Amino acid sequence: MMHARSRAASWLWAFACSATCSTSWAQAVLPFTTTPPSSALVEEEPRIWGEAAEADKVIRKSGFLLADPAINAYLQSVMDRLYPEFKDAMRVRAVNDPQLNAFAMPNGSIYVHMGLLARVQSESQLAAVLAHEGAHFVHRHGYQQRSSVKSASAFAGAMIFLGGVGLLAGMAAASSVAGFSRDHEREADRVGFARMIAAGYDAGQAVRVFQILADEARALERKDPYFFASHPRMEERIESYRELLKAHSGPPAAAMDAEAAFAERMRPLRAHWLERGIAAGGYKSMIHALTQEGAAAHFGSHIGYYLGEAYNRRGNDGDTGRADQAYRQAIDSQPDFVASYRGLGITLMKAGDRTGARAMLQRYLEKAPGAADQAYVKQYLEQLEKQP
Ligand SMILES: [Zn+2]
């Protein structure tokens, strides 16, 4: 891990230093029109691609990728539909990380975090993110960015944050929505929008998906240089897609992938996000996501259990009461989802309701006779018996 991080750091350092130390070498470049042969790369571009390929290796070896070939193939198919002439140039991979994030590297590697995948509601929304990220590659923003003095501070910022926020965040910071210049962002919006229309997607969903990101940023009060960290930038994306939508006067897109079919495809990933989110401690993000309108339809009716877990583990003032309510809702709507009884039992124990706690924990043991945590729950029950 240290090794991985230090290699990533040197990659980022090269990125930052190029921007700071050399400001005159990058020439104006035309966008790629097809998968570029290495002879099409100019000046420092081959080296930049080499560094990005190194970073790819680091990410792969670090075990951050989601081992789900079906999801990766699906992401790639959406990208190929958006950019058919770049089939071998852009490689999309899902990252096993619960945060809402996506980033493009200068060599055409596109990473989409599981957190973002779990939150998008339709293929068109997913396409909006991929079309935007793809535009950064096709228009060679990663390379051009290095010629901008202004961007140097952003990369220096990424360097400072790297130690604190970890490898992926550092990578993302160096090549994400927050990292590119305003003009490059607008270009990515414009190109991404046009690609969505050409591929038959509902381009209006671009507004919706960036709204989801902006809301999340606001709820989390994010200040880090992540994908959605910069609130004004994210608001700019929404505004920019709204304007593009207003100016567009084509026929409405045919339904590409019905929301229900998309939900079915994403169901295991959404369930995985709930588990990972709890394990990774992203309670604020989970509470935000699970209290949105339509959350039960999106994640399934047992979300009350995960909401209860998030409140329970966050432990702010009033969270015990909120957890209690969430578990009870989960039990009402899905009485066979047994973990809710355990959650409610522990919550009642915390609240001092020993009779209620005993009843719920006993019900859990009855309903889940083969559960791995039987012994652990029995210990709780023994404690409850012992107390006067
Ligand atoms: Zn962008």
Side-chain angles (χ1 to χ4, degrees), residues 1 4-5 7-8 11-12 15 32 35-36 48-84 86-120 123 125-138 141-142 165-180 188 192 195 199 209 213 226-228 257 262 265-273 275-277 280:
M1 185 62 198
R5 188 174 280 192
R7 302 238 333 242
W11 177 72
L12 278 170
F15 220 86
F32 295 129
T35 300
I48 293 165
W49 278 45
E51 288 163 9
E54 273 298 301
D56 281 335
K57 236 184 269 172
V58 170
I59 293 176
R60 201 165 54 237
K61 284 185 187 162
S62 306
F64 281 123
L65 296 179
L66 191 72
D68 188 335
I71 285 288
N72 282 316
Y74 173 59
L75 296 178
Q76 191 65 50
S77 76
V78 174
M79 187 56 113
D80 290 347
R81 179 164 204 136
L82 289 161
Y83 291 90
F86 289 99
K87 272 196 172 136
D88 306 313
M90 287 189 267
R91 291 158 312 278
V92 192
R93 299 180 184 98
V95 179
N96 191 10
D97 176 82
Q99 298 189 56
L100 275 84
N101 207 354
F103 60 101
M105 300 231 273
N107 65 340
S109 288
I110 316 274
Y111 292 93
V112 188
H113 291 226
M114 185 251 295
L116 196 150
L117 293 171
R119 297 288 302 282
V120 291
E123 184 168 309
Q125 288 182 9
L126 172 63
V129 173
L130 293 178
H132 178 101
E133 294 299 334
H136 283 309
F137 165 72
V138 171
H141 290 163
V165 297
L167 172 69
L168 276 171
M171 297 283 193
S175 45
S176 71
V177 165
F180 291 115
R195 288 279 173 170
V209 74
L213 288 163
Y226 280 33
F227 185 100
F228 49 78
D257 186 11
F262 182 76
R265 188 191 285 283
M266 290 302 192
R267 201 169 40 82
L269 191 133
R270 288 174 184 174
H272 177 58
W273 178 76
E275 285 294 331
R276 270 287 272 132

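Numbers for residues simply follow the sequence, beginning at 1. Please read all numbers here as calculations on a predicted model, not as lab measurements.
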Handout entry: Backbone N/O of P98 and side chain of R276: donor-acceptor pair under 3.5 Å
Key = no
Exercise for the section: Tell me, please, which residues at least two apart from Y111 pass ring pair (Phe, Tyr, Trp, His ring centres under 6.0 Å). Expected result: F103
Completion exercise
Looking only at heavy atoms, the pair that brings M90 and G134 closest together is SD-CA, 3.6 Å
Practice task
Give a yes or no answer on whether the side chain of Q99 reaches the backbone of G115 with a donor-acceptor pair at less than 3.5 Å.
Solution key: no
Handout entry: Contacts of type salt bridge (Lys or Arg N to Asp or Glu O under 4.0 Å), residue R267, not counting sequence neighbours
Key = E264
Practice task
Output all residues satisfying side-chain hydrogen bond (donor to acceptor under 3.5 Å, both in side chains) with D80, sequence neighbours left out; order by chain, then residue number.
Solution key: Q76
Exercise for the section: Look at the rings of H136 and H141 and say which category their plane angle falls in: under 30° parallel, 30 to 60° tilted, over 60° perpendicular. Expected result: perpendicular
Exercise for the section: For R119, check salt bridge (Lys or Arg N to Asp or Glu O under 4.0 Å) against everything at least two apart and list the hits. Expected result: E216
Problem - Taking every non-hydrogen atom, the tightest pair across R270 and A118 - result: CG-O, 3.5 Å
Handout entry: Minimum heavy-atom distance between L75 and R93, given as atom pair plus value
Key = CD1-C, 4.4 Å
Exercise for the section: Check ring pair (Phe, Tyr, Trp, His ring centres under 6.0 Å) between F32 and all other residues, then give those that pass, not counting sequence neighbours. Expected result: F137
Handout entry: Closest approach of A53 to N107 (non-hydrogen atoms, all atoms of both residues)
Key = N-ND2, 3.6 Å
Handout entry: Side chain to side chain, H272 and N96, heavy atoms closer than 4.5 Å
Key = yes
Practice task
Go through the structure and list residues passing side chain to side chain contact (heavy atoms under 4.5 Å, CB included) with T35, not counting sequence neighbours.
Solution key: D88, A89
Handout entry: Check: N72 side chain, A94 main-chain N or O, donor-acceptor pair, under 3.5 Å
Key = yes
